Amino acid sequence: MPVTVLLVDDEPLVRAGLRAVLEAQPDIEVVGEAADGAAVIPLVRQLRPDVVAMDVRMPLMDGIEATRAVLRTVTDPPKILVVTTFENDEYVYEALRAGADGFLLKRARPAEIVHAVRLVAEGESLLFPASVRQLAAEYGETGGNPAARAVMDRAALTEREADVLRLMARGMSNAEIAARLVVGTETVKSHVSSVLTKLGARDRTQAVIAAYESGFVAPG
């Protein structure tokens, strides 16, 4: 089955460019478009896309609020990939904190766009880990967020789960973590699932953000 994508951007040329790049791939299908975040929820419910590629800045409802709305109201929500002009943007970090699974630069090359959509859909690695770390260092309450520290304390991660979370923050895939820890991939998947459950995180991006915000992992 192809990865299905909903495009959300107030610039028709951006949507057209993304559509052309993605639909050139045999395993990706663009199932719909919208010009503002306010239209996302009904389209997500109707089309059930695997991934929403969504502009972070739009006139009526921006990508941050649209992300919150989708995750709050849609059962089994899609992965959300925020699309931005600037990499080092506080809006991008706020979107990640709101629940977005990753971000994509509008100037990205076609191969990078395709890779981002596939990676986010698979959910087994962190997209642009160095950039997420930089955003956390600049805009996050790294170690200074009491709520995040409380969540991490309550999680009571085992030593192996803590190791897995640290490697997740470095952007390692399940296979790479398995090789580093000399365990099976299924064992890593089990540890990742346990980390997400204990942290109340819907995916590894949110777990890594929580790790930075709580001070469990230093972004530097």
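Bear in mind the structure is a predicted one, so any value in this text is a computation, not a measurement. Computed over heavy atoms, backbone and side chain alike; hydrogens, waters and symmetry mates excluded.
Between the side chain of T73 and the main chain of A69, a donor-acceptor pair closer than 3.5 Å is present. The closest donor-acceptor contact from the side chain of E23 to the backbone of A20 lies at 3.5 Å or more, if one exists at all. With hydrogens and angles ignored, the 3.5 Å screen pairs no side-chain donor or acceptor of T187 with any backbone N or O of V183. Checked by atom type and distance alone, the side chain of T67 never pairs as donor or acceptor with a backbone atom of A95 at under 3.5 Å. R166 places no side-chain N or O within donor-acceptor distance of the main-chain N or O of V217, the cut-off being under 3.5 Å. With hydrogens and angles disregarded, no donor-acceptor distance shorter than 3.5 Å links the side chain of D55 to the backbone of M58. T197 places a side-chain N or O within donor-acceptor distance of the main-chain N or O of S193, the cut-off being under 3.5 Å. Judged purely by atom type and a 3.5 angstrom limit, Q206 uses its side chain to pair as donor or acceptor with the backbone of A100.
At a threshold of 4.5 Å between side-chain heavy atoms, the hydrophobic network of Ile, Leu, Val, Met, Phe, Trp and Tyr places L47 and L18 in one connected group. Cluster membership for V120 and V74, using ILVMFWY side-chain heavy atoms within less than 4.5 angstrom, is shared.
Across all their heavy atoms, Y91 and R57 have their closest contact at CD1-NH2, 3.2 Å. Considering all non-hydrogen atoms of both residues, V3 and A121 come closest at CG1-CB, 3.8 Å. When all heavy atoms are compared, the tightest approach of G99 to L71 is CA-CD1, 3.5 Å. Counting all heavy atoms, side chain and backbone alike, A39 lies closest to A34 at CB-CB, 4.0 Å. Heavy atoms only, all atoms of each residue included: Y212 and A136 are closest at CD1-CB, 3.7 Å.
Checked options L6, V40, L81; the residue passing with M54 is V40 (criterion: side-chain contact (heavy atoms from CB on, under 4.5 Å)).
Here CG of L135 is found 5.5 Å from CZ of F103. Values are rounded to the nearest 0.5 Å.
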The test is salt bridge (Lys or Arg N to Asp or Glu O under 4.0 Å); show your working for R15 and D10 and say whether it passes.
CA-CA 8 Å; R15 297 199 308 272; D10 61 331; over 6 Å; no
Which is it for D163 and R180 under the salt bridge (Lys or Arg N to Asp or Glu O under 4.0 Å) test, yes or no, and what are the steps along the way?
CA-CA 10 Å; D163 290 339; R180 174 63 63 88; over 6 Å; no
Let me see the working for E213 and R97 under salt bridge (Lys or Arg N to Asp or Glu O under 4.0 Å), right down to the final yes or no.
CA-CA 10 Å; E213 293 275 317; R97 292 180 78 185; 3.3 Å; yes
Determine, step by step, whether E11 and K106 satisfy the side-chain contact (heavy atoms from CB on, under 4.5 Å) criterion, reporting the C-alpha distance in whole Å, the side-chain angles of both residues, the deciding distance to 0.1 Å, and the verdict.
CA-CA 11 Å; E11 298 182 31; K106 291 186 178 182; 3.7 Å; yes
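In this structure D62 satisfies the side chain to side chain donor-acceptor pair (under 3.5 Å) test with no other residue, sequence neighbours excluded. Residues forming a side chain to side chain donor-acceptor pair (under 3.5 Å) with Q134 (at least two apart in sequence, or on another chain): none.
Residues Q25 and R118 bring a donor and an acceptor atom of their side chains to less than 3.5 Å of each other. For the residue pair T4/D50, the side-chain donor-acceptor check at 3.5 Å is satisfied.
Around atom CZ of R170, no more than 12 heavy atoms belonging to other residues, nucleotides or ligands sit under 6.0 Å away. Remark: F128 CZ is packed, more than 12 non-hydrogen atoms of other residues, nucleotides or ligands lying under 6.0 Å away.
Inter-residue side-chain proximity for L126 and R133 is flagged as unmet; no heavy-atom pair is nearer than 4.5 Å.
The stretch residues 35-49 participates, sequence neighbours left out, in no side-chain hydrogen bond (donor to acceptor under 3.5 Å, both in side chains) pair at all.
Ion pairing of R204 with E124 is absent here, as no side-chain N (NZ or NE/NH1/NH2) approaches a carboxylate O to less than 4.0 Å.
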